[in-house]
Amino acid sequence: MTYRIDQFVKLIKAPIICNVNGEALSFTNGEELAAHDFEKKYFIKNITIEGRKAILNLTEKPSPYYSRDDKSQVEEWMKRHIEKYGKEPNLFDGV
């Protein structure tokens, strides 16, 4: 989670259930959730209250950086560049 979300979540005093990637994680309160280390960055998609528990549905925050393992992102960017400018990207374009 990010700093801003942590500050918000810490204010929740009720038990919390976080739905993350099809898995439900239980926390006694917001302090416990804010202290939890997630492997990836998430944002809160929505919040509901059910049976005196706060239900937070989290969605993975997309990375603005390209993955070296996932070449499809680079290939898609190159296709858009060729469509827009009519040529392949060049390191020296715009210099």
Side-chain angles (χ1 to χ4, degrees):
M1 293 195 159
T2 64
Y3 174 76
R4 282 187 265 164
I5 292 176
D6 287 350
Q7 296 304 309
F8 164 75
V9 168
K10 283 181 180 180
L11 299 174
I12 300 173
K13 304 298 181 202
I16 299 172
I17 296 176
C18 281
N19 294 317
V20 182
N21 298 330
E23 183 181 351
L25 304 173
S26 297
F27 301 94
T28 55
N29 58 33
E31 290 280 338
E32 186 179 335
L33 172 58
H36 183 76
D37 266 341
F38 288 95
E39 291 179 14
K40 299 179 181 178
K41 293 188 181 257
Y42 295 94
F43 67 89
I44 299 173
K45 185 175 180 180
N46 59 41
I47 301 172
T48 59
I49 304 295
E50 295 178 14
R52 296 182 176 240
K53 292 183 181 180
I55 312 295
L56 280 66
N57 293 307
L58 306 181
T59 301
E60 187 176 343
K61 186 175 183 177
S63 172
Y65 303 107
Y66 292 117
S67 167
R68 289 182 180 199
D69 298 329
D70 185 8
K71 302 293 185 210
S72 65
Q73 294 174 335
V74 175
E75 291 168 359
E76 185 61 35
W77 173 81
M78 288 179 71
K79 285 179 191 175
R80 289 193 314 265
H81 188 281
I82 292 168
E83 288 173 5
K84 186 174 182 179
Y85 299 106
K87 60 182 179 177
E88 288 190 12
N90 181 331
L91 177 64
F92 301 106
D93 283 348
V95 176

Participant: To the nearest 0.5 Å, tell me how far Ile12 CD1 sits from Glu32 CD.
Facilitator: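 Separation between the atoms: 12.5 Å.
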Participant: Please tell me whether Ile55 and Phe8 are part of a single hydrophobic cluster in this structure, the criterion being side-chain heavy atoms less than 4.5 Å apart.
Facilitator: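 In one cluster: no.
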Participant: Looking only at heavy atoms, what is the nearest atom pair of Lys87 and His81, with distance?
Facilitator: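 Answer, listing the atom of Lys87 first, then His81: O-ND1, 3.2 Å.
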Participant: Between atom CD1 of Ile16 and atom CD1 of Ile47, what is the distance when rounded to the nearest 0.5 Å?
Facilitator: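 Here the interatomic distance stands at 9.0 Å.
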Participant: Drop me the distance from Lys10's NZ to Leu33's CG, to the nearest 0.5 angstrom.
Facilitator: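 CG of Leu33 is found 11.0 Å from NZ of Lys10.
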Participant: Check the hydrophobic clustering (I, L, V, M, F, W, Y; side-chain heavy atoms under 4.5 Å; chains of links allowed) and say if Ile17 and Phe27 are grouped together.
Facilitator: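 No, separate clusters.
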Participant: Hydrophobic side-chain clustering at under 4.5 Å (ILVMFWY, transitive links): who's grouped with Leu11? Put none if nobody.
Facilitator: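 Noted: Leu11 shares its cluster with no other residue.
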Participant: Which heavy atom of Asn29 sits nearest a heavy atom of Lys13, and at what distance?
Facilitator: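 Asn29 and Lys13 have their closest heavy atoms at CB-O, 3.9 Å.
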Participant: Measuring from atom CG of Asn21 to atom CZ of Phe38, what distance do you get when rounded to the nearest 0.5 angstrom?
Facilitator: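 If we round to the nearest 0.5 Å, Asn21:CG and Phe38:CZ are 10.0 Å apart.
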Participant: Answer yes if the side chains of Asn90 and Tyr85 hold a donor-acceptor pair under 3.5 Å, and no otherwise.
Facilitator: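 No, Tyr85 and Asn90 have no side-chain donor paired with an acceptor closer than 3.5 Å.
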Participant: Can you tell me how far CG of Asn19 sits from CG of Leu56, rounded to the nearest 0.5 angstrom?
Facilitator: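 The CG atom of Leu56 sits 8.5 Å away from the CG atom of Asn19.
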Participant: Are the side chain of Asp6 and the backbone N or O of Val9 linked by a donor-acceptor pair below 3.5 Å?
Facilitator: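 Side chain of Asp6 to backbone of Val9: no pair is present.
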Participant: Is any side-chain heavy atom of Met78 closer than 4.5 Å to one of Pro89?
Facilitator: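 Touching, per the 4.5 Å side-chain cut-off.
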